[in-house]
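Notes for the one structure printed next.
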Amino acid sequence: MAFPLLFLLFCTFCSSPSAIYSTFIPYNTSASVVSGKINVHFVPHSHDDVGWLKTVDQYYFGGNNSIRGACVQNVLDSVMSSLFEDKNRKFIYVEMAFFQRWWRQQSSGMKERVKGLVNSGQLEFINGGMCMHDEATPHYIDLIDQTTLGHKFIKDEFGQIPRVGWQIDPFGHSAVQAYLLGAEFGFDSLFFARIDYQDRAKRLQDKTLEVVWRGSQSLGSTSQIFTGIFPRHYDPPDGFTFEINDVSPPIQDDVLLFDYNVQERVSDFVAAALAQANVTRTNHIMWLMGTDFRYQYANSWYRQMDKFIHYVNQDGRVNVLYSTPSMYTDAKHAANEEWPLKTGDFFPYADHQNAYWTGYFTSRPAFKGFVRTMSGYYLAARQLEFFRGRSGVASKLGVLADALAIAQHHDAVSGTQRQHVAADYALRISIGYKEAEKLVASSLGFLTESRSSTRQGSISTELEQCPLLNISYCPPTESISSDEQSLVVVAYNPLGWKREEVIRIPVSSENVEVRDSNGIQIESQLVPLLNATSRVRTIYAKAYTGHFPSEMPKYWLAFSASLPPLGFNTYFVSVANQTGSSSILSLVHTAENTKARTVEVGPGNLKLRFSVDSGELTHFINGRSLVATSVEQSYGYYTGNDGTNKDPQASGAYVFRPNGTFTVKNLGQVPSTFLRGPLLDEVHQQLNPWISQVTRVYKGKEHAEIEFVIGPIPLDDGTGKEITTQIKTTMKTNKTFYTDSNGRDFIKRVRDQRTDWDLEVNQPVAGNYYPVNLGIYVEDDTTELSVLVDRSVGGSSLVDGQIELMLHRRMLHDDMRGVGEVLNEIVCVLDECEGLTIVGKMFLRVDQLGEGAKWRRTVGQEIYSPVLVAFTKQDASKWMESHVNSFSGVDPSYSLPNNVAVITLQELKVGEVLLRLAHLYEIGEDKDYSGMARVELKMLFPNKKIGKVTELSLSANQKRSELEKRRLVWKVAAKEEESKVVRGGAVDPDNLVVELAPMEIRTFFLNFDSPQIYVS
Ligand SMILES: [Zn+2]
C-alpha cells in the first residue's frame, strides 16, 4: 500500500523522476522574509540555567551528570561548529556567565572565527546579562549591576550592543523589567513565556500576546517596549524538537530508505504554522527551536531545520527562515501595525487553577536576606574603592560582583534551586565578601590615615568588621577592657544625604562610655541581651566561623551616630573612669509585675501601646503627626497542601498552596519584657517556642522596627508550614493595596482582581500574593499604613485594613515543577542538625494620608544601605590627633536632594568613573519630592576637576544619544492620550548640573582631569 504513495513523492521531489537514487542534497537555507506570506522565524536557542539542579560550574563542564545530562561546554562547542558549516544558520546566546567560562579557554584563532560569527549576525547575544535574572525577588540595583557586567563583556570582546530582552523562563514579569531593564537598556523588544493561564487564554483569543508595554507611569511612552509573549512555552511546537533523544519524527528524505516522510512533515509544519498565525498579528511568527540545555549535539537540530527550510519553502504555502529575535522584531516593526497597550505587570503567575507561583517570593529567606545585605555592601564598597583610588590596581570587588550577578538568576535568589546549589551561590558570595571586606578595611584605613600628607607605604590601621553583628557576634566590640585602649568605631554612610542612626554593638561591660570625634561624651544606652538570641548566636556563629563563640556579651551598647553624606564619623567607646559618666542602663520590667492593662513604650514622638493580657501591640500613636490608630500585629501560618487530594498540587519551592490557616496564639507563657532608656525602648516577646521578636522604638524615629527570629519550624505534626505575620487596622481600604516592583515603582493591587481580565478566583490567598522587595502599604481617606522589609518576601492584604507578609517556609513535599527536591532547609553544627532559623527585620509606620511616601522612600534607602561600621582599638586621644575623624566625599556645604540616591559610584580606571543617579519618587507620589531634582556634580566631586561628562544607557554600553537615535517607534492603540512625559535635560558642560525627573535613573561616564589622591 505504501509503494504507490512513495512513487508519487519521488515525482514531487526528485530531480529526475524516472530514476531512484540517493545522493547529496544541497539544502537551500538562504531564505529571508517573504512579504505576503506567513513567515516562520526559526530562533535556535538553548535555555541554560546559571545553576538550578546543578551548580553553575557543574552545568558548564558537565559535572554531576547523574542529576541531569547537561553540559553547556558541549552546547557552545557544537553550536560553533554548526554555524561555521553554513553561513545561513543562526543562534542566540543569552547567559554571559556561561559564555565567559567558554570564551576564556578558546584559542586566539577560535576567538577570531567566533567574532566573525558575531559580526555577520550568525551568533547574536541577546539579554546579555550574566544570567537571565528573576523578576520577582531581586532589587533593581542588582539587576542593573548584573546586566552591566554582562553587557560590558559583550562590548569589550565583540563591540556589540544587545538589542533584545529575553526573559523566557522567569515566573512572572515585573514592570521594572519592561521599562528599566528593557527600554532603558535600549532594547527594542522583550520576550517571555510565563504568564497566568487565564491571561494567556484571553490573549490567545484576542490576539494580544504581543503588546507595547509601558511599565512606568512616570516615564510612560519614553520608556515603553515591544513585548512578545509566546503562545505556549519557550520550546518548539509539538513534533519539532530534535535533540538526540527527542521523539519528534525527523525528516527522512533518502529515497532508498524506508519511512520517507517529506510531504507528511511539510504538512505538519504548515499546519502548526497556520495554527500559530491564527493567534498572532502580522504575517510573522516565531518558533523557539530549543529549550533547556539543548544543542549539546547541535547538528541534530540544524540538520532538521536545514531540511524544513528547504522543503517547506519548496512547498511554498508558508515561508520559513533562520532568524533571531532582533530580525523578528524588525519584521514586526516593518509591518507598521498598531499594538495593544499593556501597563502594570504580570504578577502573580499561575500555570493552573491551584498552582500560583507565589511561594518563591519567600522561599529561602535567609539566602534572600544574604543577597540583599551583600548588595548594599557591594554598593558601599565601590564607593570606598573610589574614594581610596585604585591607582591602576585591579578591583578587589570582581569576585563579589560576579557572585552577586549569578545570584540574581531565576533559580538563585528566587529560592527555587536544589540545596547544594543554594550552598554554592552562598559560598561564592561569601568568598566575594571576604575580598570586599579587605578592600573596605583598607579603604577606610587609608581615609582615616590620609591626614598626614607625608604618609608613605602601607596602611597601618587594621579595621575589623562584623558580618554577624545581626546575631550579636562581634569579637572586637565584645572585649573592651580597662587598659588604655578604646574601641574606635568608624561609621560610614553610603547615602548622599546626612543621617542620624542608632548604632548598636554588643559589649560585655556595663561600665562604658561613648565619645564623639571631638572627644565629647555623648548619650548612650545599655540594652540587656536577653536569652532568646543566645541560641541563634551560638549555633550560627559556629556554623559561619567554624568555632563556638565566646561567652554571650551582656549588653547591646546603643548610641546615636551623626553621619555626613558619603562619609564617616568616628566614635570611641572606652571604660568609664568617672562615676556617673557611664552609659545608661535600660530599665527592665516584665508585663507580670505591672498592674496596668496596657503598657506604652517609645522615648520620642512615637508611642506604641501593648496589651498586657495578650502581649500584643494594640496602638500606634505619633505625638507629632497626631496619628493615633489601633494597630495589631500577630503571627500565623499556613499548612502546605500535601498534594494527595484529587487535584494533586502540593505547596513547594515555587507554588504556594495553603491547606489551612492557623494563628500563633501568644499564650502568655513567657510574659513580654519591656526595656526603656533615653535612646530606644524595646519590647521582647516570645510568641511560641520557635517565634520571638523584639519591637524597637527609637527616640529620633517615627517607625517601629520589628526584629523577628523564626525557626526551626517544627514538622513533627506531619505538615509543612509557611509562617506569616499580620498587621491589622480598622482602615477601610476597599480591597486595595500597593506593592513595589523590584524595589522601585509601587503598583496598585486590588484583591481578587486583575487589570487585564476578569479573574476567576480559585486560590483566594495564594492568588492575592505579590512580591515585596521594598515595601507594601494600604491607605484610606485619612491614613496610610506602610511596612518595609529587609529582603524580598511575599505579601498581600487579604482583608481590608490588613497587611500580611510571609516570612519563612519549610515544606514536606515537592511541587512538581522540576526542582525535584523538598524545600526543607537544614543547618548542621557538629552532628546536630535542625531546621533553618531566620533573623530579619520589618519596619512599620502609620502616616496621615499623603505623608507615607517620604518615609517609604527615605527609610527604604536607609534599609538598603545600612551604616557600615568598622572597628579597631587604640588610645582615643592619640587616634583623634593623628587620624582623620570625619570625612565626606562631597563638598561640606552639600548634600544630595532628599529624592535622589547615588546607586553607582565606581572607579573604572584611573580618572574614569561610572556614576548612576536615581530619582526615588514617582510622578504624583509626594507633594514635595515628585518634581524635577537637581544634582550638582561639582559639589558631588569637590576635589576633582571634572573633564568630560558622557551620558550613557542604563547598562553603560552606549551613549544615551545614540540609543535614542536608534530607538524604534511603535504605534500604540491607547485609549487615552498620554500627558506629556518629563525627563531631565542635557547636562550643561559648564555648570554640570544633572536634572532627574520622577523615577528617572541617569548613568554617566565621568573623566577627571589630572586625577589626584584625595587629601582632606
Ligand atoms: Zn530557567
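For this chain, numbers begin at 1 and follow the sequence in order. Read the numbers this way: they start at 1 and go in the same order the structure lists the ligands and their atoms. If you're wondering where the values come from, they're calculated on a predicted model, not measured in any experiment.
Ion pairing between Asp134 and Lys368 fails under the 4.0 Å rule for side-chain N and carboxylate O. A salt bridge between Arg203 and Asp199 is present, with a side-chain N of the basic residue lying under 4.0 Å from a carboxylate O of the acidic one. A salt bridge links Asp57 with Arg101; the closest basic N to acidic carboxylate O contact falls under 4.0 Å. A salt bridge is absent between Glu210 and Arg281: the closest approach of a Lys/Arg side-chain nitrogen to an acidic carboxylate oxygen does not fall below 4.0 angstrom.
By the 30° and 60° cut-offs, the orientation of the rings of Phe269 relative to Trp287 is tilted.
Of the possible polar contacts, none joining the Arg214 side chain to the Lys342 backbone as a donor-acceptor pair under 3.5 Å is found.
Within the protein, the N, O or S atoms sitting under 2.8 Å from the Zn ion (ligand 1) are His47 NE2, Asp49 OD1, Asp169 OD2, His410 NE2.
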